[in-house]
Asks: 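Sharing a structure here in structure tokens format.
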Number of protein chains: 2
Amino acid sequence: MNIVQEESRRDRKKLQRRALLIEIARRYIATKGLRSLKVRDVAEAAGCSIGSVYNEFGDFDGLILTVNRETVQALTARLKAVPADDPLRQLHGLADAYLGFATEHANLLRSLFEHRMEDDRPFPEDILAMVMDAFVLMHAPLVRLLPDRDLDDVALLSRMMFSAVHGIISLGLEERMVAVPPEKLRERLAQFVDTHLAGLGLTRKA
Amino acid sequence: MNIVQEESRRDRKKLQRRALLIEIARRYIATKGLRSLKVRDVAEAAGCSIGSVYNEFGDFDGLILTVNRETVQALTARLKAVPADDPLRQLHGLADAYLGFATEHANLLRSLFEHRMEDDRPFPEDILAMVMDAFVLMHAPLVRLLPDRDLDDVALLSRMMFSAVHGIISLGLEERMVAVPPEKLRERLAQFVDTHLAGLGLTRKA
DNA sequence: CTCAAAAATGAACATTGTTCAAGAAGAATC
DNA sequence: GATTCTTCTTGAACAATGTTCATTTTTGAG
């Protein structure tokens with residue numbers, strides 16, 4: 001066997017265990033919250049030593065950030081899957097997709113937005129960019145709906161709308177301070193989007 | 001001296017130190033974030049032992065929750081100070097007051113919304129009620145503006161609006177994932193409220 | 001002043017992130 | 001296949017930090 005194959009075999013094994021560690025960490029965060037994540041638990045569940053976790057991710061933040069990175073990627077994928085045929089329908093679809101993801105992965109999304117870095121280390125640029133990528137998805141349909149408005153204006157508008165949706169959902173899903181009852185959330189969110197679009201001078205969805 | 005006076009003197013001293021501990025903890029949270037808060041630091045800064053902090057607050061969560069309790073009280077006080085003469089102006093005033101408080105006390109507000117209890121202990125009912133009290137403040141002006149709507153409907157509408165404002169502000173103030181540039185935030189927030197009110201069929205502010 | 005109750009203390013403990021010297025495993029060379 | 005060099009793995013030890021509690025100190029009544 002040549003060198004390339006030898007290397008790829010080792011890499012494959014390494015990648016496999018890396019994926020296992022990530023999967024275990026994600027399960028802890030998803031089921032019991034970020035605070036329940038412990039290096040020792042992850043190592044034990046993966047059948048390796050503590051040190052190996054550090055070899056793979058550098059430090060604890062590295063593991064968390066890796067999970068968060070995959071979370072925002074999954075979120076973005078889901079948002080991008082929303083049909084872009086009709087802009088009004090797309091905006092509703094985006095809000096609904098966000099709600100769906102937040103409902104199914106509440107703790108993962110919380111981990112993404114609430115995790116603070118150790119000390120004062122800066123937040124990784126790539127995750128920041130990915131979150132912005134997701135947030136910007138409301139831009140295109142709004143441009144189609146508001147062709148006469150200044151583009152920068154629409155850009156701010158879309159980010160604002162997404163932030164509002166995010167606020168409604170994240171507070172609405174907090175078990176503790178229930179700002180909006182969960183069962184009503186879906187229809188209310190649609191109503192909110194409608195109202196806001198109407199305020200922008202756009203016809204409500206038929 | 002009678003018993004009452006003796007007791008009140010001791011109580012005064014006790015209350016004084018309690019206030020000092022709270023003030024120190026609040027300063028740590030406000031300047032460096034919740035994660036920077038350490039029992040030992042607080043005890044040292046207050047000139048007392050670690051055990052005394054525990055005597056006063058039971059545990060670490062107790063100290064944090066006490067600070068959070070005062071944070072939500074301060075927020076509510078500020079929101080209640082908004083003039084209630086004109087409902088449209090009041091709604092704008094509430095949003096602006098929330099933004100002002102969030103700007104000046106970003107870390108304190110984050111501590112209130114992001115703190116998770118140790119283990120799975122339930123979130124204190126009284127703080128929950130206080131947050132709801134604050135959120136419900138948009139209800140009265142909206143009732144005046146929408147007298148024909150169902151009251152439950154308006155209740156949900158007001159909580160939704162507050163959640164949206166909260167989302168715009170909390171994401172907008174995140175230094176990292178800047179959803180809306182800070183300098184634009186104030187005017188954009190006003191614009192958002194305007195747009196939403198217009199969507200509800202209400203005249204924009206003159 | 002004496003004494004019992006309350007409060008304060010801080011050493012010791014438990015948990016958990018982190019490091020690193022030593023050993024194991026793998027790859028390369030002959 | 002043996003040897004050697006590199007890389008990975010290990011887990012004991014360390015550091016930071018929340019928590020407990022037996023001991024000491026302080027307090028206030030009699």
Side-chain angles (χ1 to χ4, degrees), chain A residues 1-21 24-25 28-29 32-68 111 115-121, chain B residues 1-21 24-25 28-29 32-68 111 115-121:
Chain A
M1 294 176 187
N2 63 41
I3 294 174
V4 175
Q5 280 181 336
E6 291 293 352
E7 277 187 349
S8 71
R9 180 179 298 179
R10 174 143 80 172
D11 284 357
R12 194 160 39 228
K13 199 170 175 184
K14 187 180 172 67
L15 284 176
Q16 199 171 327
R17 194 176 65 177
R18 180 185 173 88
L20 176 62
L21 288 169
I24 291 167
Y28 271 102
I29 296 176
K32 290 288 186 179
L34 179 56
R35 288 193 59 164
S36 76
L37 189 66
K38 304 288 145 74
V39 184
R40 281 168 178 75
D41 291 344
V42 174
E44 191 182 6
C48 69
S49 71
I50 300 168
S52 293
V53 180
Y54 278 80
N55 280 346
E56 196 59 48
F57 300 100
D59 59 9
F60 197 50
D61 269 357
L63 175 56
I64 296 169
L65 291 172
T66 302
V67 173
N68 286 352
S111 169
H115 172 59
R116 308 279 160 215
M117 301 290 287
E118 204 65 46
D119 305 314
D120 285 334
R121 276 182 290 185
Chain B
M1 295 174 186
N2 63 41
I3 293 173
V4 175
Q5 279 181 336
E6 290 293 352
E7 276 187 349
S8 72
R9 180 179 300 180
R10 175 145 79 174
D11 283 358
R12 195 159 39 230
K13 200 170 175 183
K14 187 179 172 66
L15 284 177
Q16 199 171 325
R17 194 177 64 177
R18 181 184 172 87
L20 176 62
L21 286 169
I24 290 167
Y28 270 101
I29 296 176
K32 290 289 185 179
L34 179 55
R35 288 193 60 165
S36 76
L37 189 66
K38 305 288 146 72
V39 183
R40 281 168 177 75
D41 291 344
V42 173
E44 191 182 7
C48 69
S49 70
I50 300 168
S52 293
V53 180
Y54 277 81
N55 281 346
E56 195 58 47
F57 300 101
D59 59 9
F60 197 50
D61 269 356
L63 175 56
I64 295 169
L65 291 173
T66 302
V67 173
N68 286 351
S111 169
H115 172 60
R116 307 279 160 215
M117 300 290 287
E118 204 65 46
D119 306 313
D120 286 334
R121 275 182 290 184

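A note on names: the letters A, B, ... follow the listed sequences, proteins ahead of strands, and every chain is numbered from 1.
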Asks: For the residue pair B:V39 and B:F60, what are the closest heavy atoms and their distance?
Replies: CG2-CD1, 3.3 Å
Asks: With a 4.0 Å cutoff (strictly under), does any side-chain N or O of A:S52 reach OP1 or OP2 of D:dT10?
Replies: yes
Asks: Could you tell me the separation between the CZ atom of A:R35 and the P atom of D:dG18, rounded to a whole number of Å?
Replies: 10 Å
Asks: How many Å lie between NE2 on B:H115 and P on D:dG18, as a whole number?
Replies: 12 Å
Asks: Could you tell me which residues satisfy salt bridge (Lys or Arg N to Asp or Glu O under 4.0 Å) with B:D41, sequence neighbours excluded, listed by chain and number?
Replies: none
Asks: Which heavy atom in B:L21 sits nearest to a heavy atom in B:C48, and how many Å separate them?
Replies: CD2-SG, 4.2 Å
Asks: For the side chain of B:N55, counting heavy atoms from C-beta on, which of C:dG10, C:dA7, D:dT10 is nearest?
Replies: C:dA7
Asks: Would you please name every residue forming a salt bridge (Lys or Arg N to Asp or Glu O under 4.0 Å) with A:R40, sequence neighbours left out?
Replies: none
Asks: Measure the distance from CZ on A:R18 to C1' on D:dC8 and round it to the nearest whole Å.
Replies: 15 Å
Asks: Would you classify B:R17 as touching base, sugar-phosphate or nothing, given that sugar-phosphate means primed atoms plus P, OP1 and OP2, and contacts are heavy atoms under 4.0 Å?
Replies: sugar-phosphate
Asks: Just how far, in rounded Å, is P of D:dA16 from CG of B:D41?
Replies: 12 Å
Asks: Output the rounded distance in Å from NZ (B:K14) to P (D:dT26).
Replies: 17 Å
Asks: Any chance you could list the contact pattern along nucleotides 12-19 of chain C? Use B for base contacts, S for sugar-phosphate-only contacts and - for none, protein heavy atoms under 4.0 Å, 5' to 3'.
Replies: B---BBBB
Asks: Between atom CD in B:E56 and atom C1' in C:dA7, what is the gap in whole Å?
Replies: 11 Å
Asks: Could you tell me if the side chain of A:R121 sits less than 4.5 Å from the side chain of A:D59, heavy atoms only?
Replies: yes
Asks: Restricting to non-hydrogen atoms, name the atom on A:R116 and the atom on A:D61 that form the minimum distance, rounded to 0.1 Å.
Replies: O-OD1, 4.5 Å
